[in-house]
Amino acid sequence: MTVTLIWLIAFAVILFLALRAWDGSLGKVVMRRIPAALQLDGDDRWVWSIALAVLGATFIVNPISMLLTLIILALFYWIAKRVGCWLMRRVKLH
C-alpha cells in the first residue's frame, strides 16, 4: 500500500511539473524528438506528460527494475542494429 501511495504522489507531482513545463522547453524537446506520425496536434501535451509521469514514478518506486529493463532494451537494439547491418552487406540489391 505504501509503494502505491508513493507512486501516486510521484505521478501527480511529475505530471504537474510536465504540464507546467510543456510550453517552455519540454514541449519543444518532445516535438523535436518524436516523428511526425506520432504527433497528435493538440493532445500531445497530455499524452506525453502522462507517459513521462508514468515512467518517472515507476523509476522512483522501482529504479533497479527500470535500469535493468533499459539495459536489456539497449542490448536488443544494439544486437538488432549489428545484425541488420550485417544482413544489408550480405544482400545484393541489384
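Just so you know, these numbers come straight off a predicted model, no measurement behind them.
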Worksheet item: When rounded to the nearest 0.5 angstrom, what is the spacing between SG in Cys85 and CE in Met88?
Response: 8.5 Å
Response to the item:
CG (Asp23) and NZ (Lys28) are apart, to the nearest 0.5 Å, by 9.0 Å
Fill in: Smallest separation among heavy atoms of Arg45 and Leu19, with atom names
NH2-O, 2.7 Å
Worksheet item: Would Trp78 end up clustered with Val83 when hydrophobic side chains under 4.5 Å apart are linked, directly or stepwise?
Response: yes
Item to complete: State the CZ-OH distance between Arg82 and Tyr77, to the nearest 0.5 angstrom.
Response: 10.5 Å
Item to complete: Spell out, yes or no, whether Phe59 and Leu73 are grouped together once hydrophobic residues are joined by side-chain heavy atoms under 4.5 Å, including indirect joins.
Response: no
Item to complete: Kindly work out whether a path of hydrophobic side-chain contacts (I/L/V/M/F/W/Y, heavy atoms less than 4.5 Å apart) joins Val29 to Leu55.
Response: no
Worksheet item: If you look at every heavy atom in Val30 and Trp48, which pair is closest and at what distance?
Response: CG1-CG, 3.9 Å
Response to the item:
Separation between CG (Asn62) and CG (Leu68), nearest 0.5 Å, reads 9.5 Å
Worksheet item: Ile14 and Leu52: which non-hydrogen atoms are nearest, and at how many Å?
Response: CG2-O, 4.0 Å
Worksheet item: So, do Thr58 and Phe11 sit near enough that their side-chain heavy atoms are less than 4.5 Å apart?
Response: no
Item to complete: State yes or no: do Leu75 and Leu70 share one hydrophobic cluster built from I, L, V, M, F, W and Y residues joined by side-chain heavy-atom distances below 4.5 Å, directly or via other members?
Response: no
Discussion item. Side-chain heavy atoms nearer than 4.5 Å, only ILVMFWY residues, links allowed to pass through others: does that put Val54 and Val13 together?
Written reply: no
Discussion item. Minimum heavy-atom separation for Ala10 and Ile60, please, with both atom names.
Written reply: CB-CD1, 4.0 Å
Worksheet item: Stepwise, does the side-chain contact (heavy atoms from CB on, under 4.5 Å) test hold for Arg89 with Trp86?
Response: CA-CA 5 Å; Arg89 281 194 311 258; Trp86 178 76; 3.5 Å; yes
